[in-house]
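Everything on this sheet refers to the single structure shown next.
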Amino acid sequence: MLATIGILALAAASWQSSLQDDLLDHLVGRWHISRKMAKRSEENTAEIEWVLNHQFVRIHMRDVNVPHKYEAQIYVGYNAEKKEYVMHWIDIFGGSFSETLGIGKRDGNSIEFTFRYPDGMLTNKYSFDASSGVWTSKIDQQDEHGKWGPFCTDTYTKLK
């Protein structure tokens, strides 16, 4: 019983303090996203804000088509106990692709997330260029033979 009370007290203490992250603060706003994939390009928009008691940055991404052909909500937070970032990517493809948590490490103005799927790994590296204010998200994936290759590169340009 005392252990349960201790866990609840720890959870309440961390719940009350909001996440302060100077790099993620630069991600907040409205963005135009140019997506480059192997055989096509797409245009998207994103509205990005702090949510859930300032614990997560939510990226609400949609393509520019009406009606939308693609939509995702991505939540980025930080696990202070493990000293690692977390990413939950939820999109129109459903639970089969959303079941894995991305774990990230920060290096300067970049955070690289690793997702471990049953058929291979995927990395998603978000990098911020402070001089231009542009974010880049580069996604690479492993094929069934373990060979790495590019999947997608997104360039985020802030809207006025």
Any luck finding a side-chain donor-acceptor pair between [X] and [Y] under 3.5 Å?
X      : Y      : result
Ser137 : Asn124 : yes
Glu112 : Ser110 : no
Tyr85  : Asp21  : yes
Asp91  : Tyr70  : yes
Glu71  : His60  : yes

How close do [X] and [Y] get, heavy atom to heavy atom, and via which atoms?
X      : Y      : answer
Asn109 : Ala130 : ND2-CB, 4.2 Å
Leu101 : Met87  : CD1-O, 3.3 Å
Tyr156 : Ala46  : CE2-CB, 4.5 Å
Tyr78  : Val86  : N-CG2, 4.3 Å
Trp31  : Lys158 : CE3-N, 3.2 Å
Val28  : Glu49  : CG1-CA, 4.3 Å

Given 3.5 Å as the limit, does a donor-acceptor pair link the side chain of [X] with the main chain of [Y], or not?
X      : Y      : value
Asn79  : Lys83  : no
His68  : Asn65  : yes
His88  : Tyr75  : no
Arg40  : Glu42  : no
Gln141 : Lys147 : no

Item to check | side-chain hydrogen bond (donor to acceptor under 3.5 Å, both in side chains) between Ser18 and Gln20, intermediate numbers included | outcome: CA-CA 6 Å; Ser18 61; Gln20 303 302 315; 2.7 Å; yes
Next on the checklist: If you apply the rule side chain to side chain contact (heavy atoms under 4.5 Å, CB included), what do you find for Cys152 with Lys36, and how did you get there?
Outcome noted: CA-CA 6 Å; Cys152 177; Lys36 306 289 185 218; over 6 Å; no
Checklist entry - Just wondering, are more than 12 heavy atoms of other shown residues or ligands nearer than 6.0 Å to NZ in Lys125? => result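 12 or below, so no.
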Checklist entry - Do the side chains of Ile92 and Trp89 join up, straight or via other hydrophobic residues, at under 4.5 Å, putting them in one cluster? => result yes
Next on the checklist: Hydrophobic clustering (ILVMFWY, side-chain heavy atoms < 4.5 Å, transitive) - are Phe151 and Tyr126 grouped together?
Outcome noted: yes
Checklist entry - Yes or no on side chain to side chain contact (heavy atoms under 4.5 Å, CB included) for Leu24 and Phe56, after CA distance, side-chain angles and deciding distance? => result CA-CA 9 Å; Leu24 292 180; Phe56 291 89; over 6 Å; no
Next on the checklist: Show, in sequence, the C-alpha distance, side-chain angles and deciding distance for Glu43 and Ile33, and conclude whether the side chain to side chain contact (heavy atoms under 4.5 Å, CB included) test is met.
Outcome noted: CA-CA 6 Å; Glu43 300 300 316; Ile33 305 170; over 6 Å; no
Checklist entry - Between Phe128 and Leu23, is a side chain to side chain contact (heavy atoms under 4.5 Å, CB included) present by the stated rule, with each step listed? => result CA-CA 8 Å; Phe128 178 63; Leu23 183 58; 3.8 Å; yes
Checklist entry - What orientation do Tyr117 and Phe115 show, parallel under 30°, tilted 30 to 60°, or perpendicular over 60°? => result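 The arrangement is parallel - the two ring planes meet at less than 30°.
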Checklist entry - Less than 4.0 Å between a side-chain N and a carboxylate O, is that true for Lys69 and Asp63? => result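 No, Asp63 and Lys69 are not salt-bridged.
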Checklist entry - Are any of the side-chain nitrogens in Lys105 or Asp107 under 4.0 Å away from the carboxylate oxygens of its partner? => result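 Judged by the 4.0 Å cut-off on N to carboxylate O distance, Lys105 and Asp107 do not form a salt bridge.
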